[in-house]
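Nothing here was measured: the structure is a model prediction, and the numbers come from that model.
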Amino acid sequence: MPTVRTNDIETYYVRRGDGPAVVFVHAAIVDYSNWLPQLEALSDGYTTIAYDIRGHGRTGGSPRDTYSIDLFADDLETFVDALELEKPVIVGISTGGCIAQVYAARRPESISGLVLADTFTAAVLDWRDRVQFAALKATIPPARFVGYERVETVKNWLHERFDRAPAATTRTSNSSGRVPRRWGPTSSPR
């Protein structure tokens with residue numbers, strides 16, 4: 001089981017292929033295995049690496065009272081340094097995208113690219129975001145109890161139900177620099 005020390009934890013990771021490095025950062029509640037299809041697809045020309053962020057999968061938790069995006073970004077920084085990766089492309093989805101943004105903002109010279117999918121920014125949270133984060137935090141104990149695969153199945157089922165209706169609005173980044181977001185039939189733009 002490959003691990004590397006990142007701050008006060010042993011971080012589990014998988015590594016495939018050879019070539020320029022691409023580091024994949026997963027979303028909350030899931031683990032590195034979310035990225036396995038991408039690792040395999042790109043491993044012919046790239047060194048692909050996915051790891052379990054703190055408190056997820058085989059990395060496990062730590063005695064800290066709270067986790068933050070800054071802490072996860074610290075872990076990513078230490079992870080990249082420990083593996084001696086030279087200017088990797090950082091790929092993040094959802095919470096992983098937020099972690100990747102913070103890392104890239106801190107060390108823009110140390111990456112060769114940044115790929116973000118279905119993510120948000122850590123800085124500006126309105127009440128909807130805070131409710132979503134609270135709901136997400138509340139799902140962690142049940143997810144650990146019933147297993148990530150079952151949670152993923154339910155999440156996919158819910159997405160299929162909500163994605164059947166056409167989106168009401170699509171908005172793009174505005175002068176405030178906010179990340180583009182797709183709004184479904186029951187929500188409205190901020």
(request) Work out which heavy atom in G97 is nearest to a heavy atom in L116; give both atom names and the distance. (result) O-CD2, 3.5 Å

(message) For a quick test of reading the model, state the closest non-hydrogen atom pair linking V102 to A73 and the distance between them.
(response) CG1-CB, 3.6 Å

(message) Please check if the number of heavy atoms outside Y46 that lie under 6.0 Å from its OH is greater than 12.
(response) no

(message) Around atom CG of D18, are there more than 12 heavy atoms from other residues, nucleotides or ligands closer than 6.0 Å?
(response) no

(request) Report the C-alpha distance between Y12 and Y32 in whole Å, list the side-chain angles of each, state the deciding distance to 0.1 Å, and finish with yes or no for ring pair (Phe, Tyr, Trp, His ring centres under 6.0 Å). (result) CA-CA 9 Å; Y12 176 80; Y32 79 94; 5.2 Å; yes

(request) Report the C-alpha distance between R64 and L71 in whole Å, list the side-chain angles of each, state the deciding distance to 0.1 Å, and finish with yes or no for side-chain contact (heavy atoms from CB on, under 4.5 Å). (result) CA-CA 10 Å; R64 295 177 184 244; L71 176 61; 3.5 Å; yes

Is the shortest distance from a Lys or Arg side-chain nitrogen in [X] or [Y] to a carboxylate oxygen in the other one below 4.0 Å?
| X | Y | result |
| --- | --- | --- |
| D8 | R54 | yes |
| D52 | R58 | no |
| R107 | D81 | yes |

(message) Please report the interatomic distance OG(S68) to CD1(I99), rounded to the nearest 0.5 Å.
(response) 9.5 Å

(request) Report yes if the side chains of V89 and I111 come closer than 4.5 Å at any heavy-atom pair, otherwise no. (result) no

(message) Are the side chains of L76 and V25 in contact, using a 4.5 Å heavy-atom criterion?
(response) yes

(request) Sort out for me which residue in I49, D44, L36 forms a side chain to side chain contact (heavy atoms under 4.5 Å, CB included) with R16. (result) L36

Do any N or O atoms from the side chain of [X] and from the backbone of [Y] form a donor-acceptor pair under 3.5 angstrom?
| X | Y | result |
| --- | --- | --- |
| T78 | D74 | yes |
| T119 | C98 | yes |
| H26 | I53 | yes |

